[in-house]
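Only a predicted model underlies this, so the values are computations on that prediction, with no experimental measurement involved.
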Amino acid sequence: MVAEPRVWVDVEGAVRAWARAAVSSVDGRVFFGWNEDAAHPQVSLSRVAGPDDRCLVQFDVWAAKSQGKAQAASTAAELCTAADALSRYEHEGVLLHGARVLGSRWQPDFESGAPRYIVEVVFIATATVGVEG
C-alpha cells in the first residue's frame, strides 16, 4: 500500500491560536504548559497522539483556588462548546477542519490541589498547501 505524501503541520500551534480566540474567559491565557505566573482561569494544552488529521489534544483547564471547581467547570464547558462549533480555522499554514470533544473530567492537581478539568479533543488538521514533488 502506497500512501499519498502529505505536509505535516504544527497542530498544537494552530490549536493554541484557535483556543486563545475562541475561549474568551481565559483572556488569551492558553499555554503549552501550566504558567504559575499567569492569572486564572488558564488553559494548557499538549498533543497526546495521532496524526495531524486525527490529532488528540489534551487541555488542562485551571482555575484559581479561590474560585474552585465552579470556575474550572465553566471554562471547560466554554472550551467544549467552542470545539463543538469549530468548522474552519486557519493559522500559519494550518487548516483546522473541525473537532470532536471526547470528554471532560474533573481532576484537581494532586500536588497543589489546584482546581482543574481535563478536556480531550480530536482535531482534524491539514496543511493549507499540498506536497510538491
Side-chain angles (χ1 to χ4, degrees):
M1 182 168 142
V2 177
E4 286 285 325
R6 62 178 147 178
V7 176
W8 287 72
V9 296
D10 179 9
V11 177
E12 289 171 298
V15 169
R16 179 175 70 165
W18 163 81
R20 285 180 168 172
V23 185
S24 62
S25 66
V26 297
D27 197 27
R29 293 182 301 272
V30 180
F31 308 107
F32 293 125
W34 180 69
N35 185 333
E36 67 182 63
D37 297 324
H40 289 85
Q42 65 174 273
V43 174
S44 60
L45 68 96
S46 62
R47 183 178 185 152
V48 175
D52 289 353
D53 59 357
R54 43 188 190 281
C55 180
L56 176 59
V57 173
Q58 176 179 308
F59 295 92
D60 290 36
V61 180
W62 301 91
K65 282 188 180 183
S66 62
Q67 297 298 312
K69 184 177 181 181
Q71 184 182 57
S74 174
T75 306
E78 182 183 2
L79 173 63
C80 291
T81 300
D84 276 344
L86 174 64
S87 62
R88 182 179 176 89
Y89 181 84
E90 287 188 55
H91 176 75
E92 296 183 359
V94 180
L95 174 60
L96 299 178
H97 296 267
R100 179 172 171 238
V101 177
L102 298 182
S104 175
R105 67 185 180 276
W106 170 243
Q107 190 172 347
D109 183 61
F110 179 74
E111 291 181 17
S112 68
R116 175 181 66 175
Y117 266 82
I118 305 295
V119 176
E120 293 178 324
V121 180
V122 174
F123 287 90
I124 299 93
T126 60
T128 56
V129 296
V131 174
E132 294 185 24

| field | For W34, the rest of its hydrophobic cluster, which grows through side-chain links under 4.5 angstrom | value | W62
| query | Cluster partners of F110, using ILVMFWY side-chain heavy atoms under 4.5 angstrom, listed by chain and number? | reply | none
Any donor-acceptor pair under 3.5 Å from [X] side chain to [Y] backbone:
{"X": "R54", "Y": "V122", "result": "no"}
{"X": "S74", "Y": "A70", "result": "no"}
{"X": "R29", "Y": "A39", "result": "yes"}

For [X], check side-chain hydrogen bond (donor to acceptor under 3.5 Å, both in side chains) against everything at least two apart and list the hits.
{"X": "E78", "result": "S24, S25"}
{"X": "Q67", "result": "none"}
{"X": "D53", "result": "R6"}

If every non-hydrogen atom of [X] is compared with every non-hydrogen atom of [Y], which pair is closest and at what distance?
{"X": "C80", "Y": "V119", "value": "SG-CG1, 3.7 Å"}
{"X": "P115", "Y": "A64", "value": "CG-O, 3.7 Å"}
{"X": "G33", "Y": "S44", "value": "C-CB, 3.6 Å"}
{"X": "V61", "Y": "A76", "value": "CG1-N, 3.7 Å"}
{"X": "K65", "Y": "S112", "value": "NZ-O, 2.8 Å"}

Using the test salt bridge (charged side-chain N to carboxylate O under 4.0 Å, His left out), find all partners of [X] that sit at least two apart in sequence or belong to another chain.
{"X": "D10", "value": "none"}
{"X": "D109", "value": "none"}
{"X": "R116", "value": "D60"}
{"X": "R100", "value": "none"}

| query | Can you check side-chain contact (heavy atoms from CB on, under 4.5 Å) on V23 and V30, steps first, answer last? | reply | CA-CA 9 Å; V23 185; V30 180; 5.7 Å; no
Which distance, rounded to the nearest 0.5 Å, do you find between the [atom1] of [X] and the [atom2] of [Y]?
{"X": "L95", "Y": "T126", "atom1": "CG", "atom2": "OG1", "result": "4.5 Å"}
{"X": "L56", "Y": "S46", "atom1": "CG", "atom2": "OG", "result": "8.5 Å"}
{"X": "R47", "Y": "Q58", "atom1": "CZ", "atom2": "CD", "result": "14.5 Å"}

Could you see if [X] belongs to whatever hydrophobic cluster contains [Y]? Use Ile, Leu, Val, Met, Phe, Trp, Tyr and a side-chain cutoff under 4.5 Å.
{"X": "F123", "Y": "L102", "answer": "no"}
{"X": "I124", "Y": "W18", "answer": "no"}
{"X": "V48", "Y": "I118", "answer": "no"}

Under 3.5 Å, which donor-acceptor pairs link side chains of residues 83-94 to any protein atom two or more places apart or in another chain?
from: R88; atom 1: NH2; to: E90; atom 2: OE2; distance (Å): 2.9
from: Y89; atom 1: OH; to: A17; atom 2: O; distance (Å): 3.4

| task | Using side-chain contact (heavy atoms from CB on, under 4.5 Å) as the criterion, list what pairs up with A73, not counting sequence neighbours. | result | Y117
| task | Output all residues satisfying side-chain contact (heavy atoms from CB on, under 4.5 Å) with N35, sequence neighbours left out; order by chain, then residue number. | result | F31, D37, A38, Q42
| Going by heavy atoms in the side chains, are F59 and S104 under 4.5 Å from each other? | no
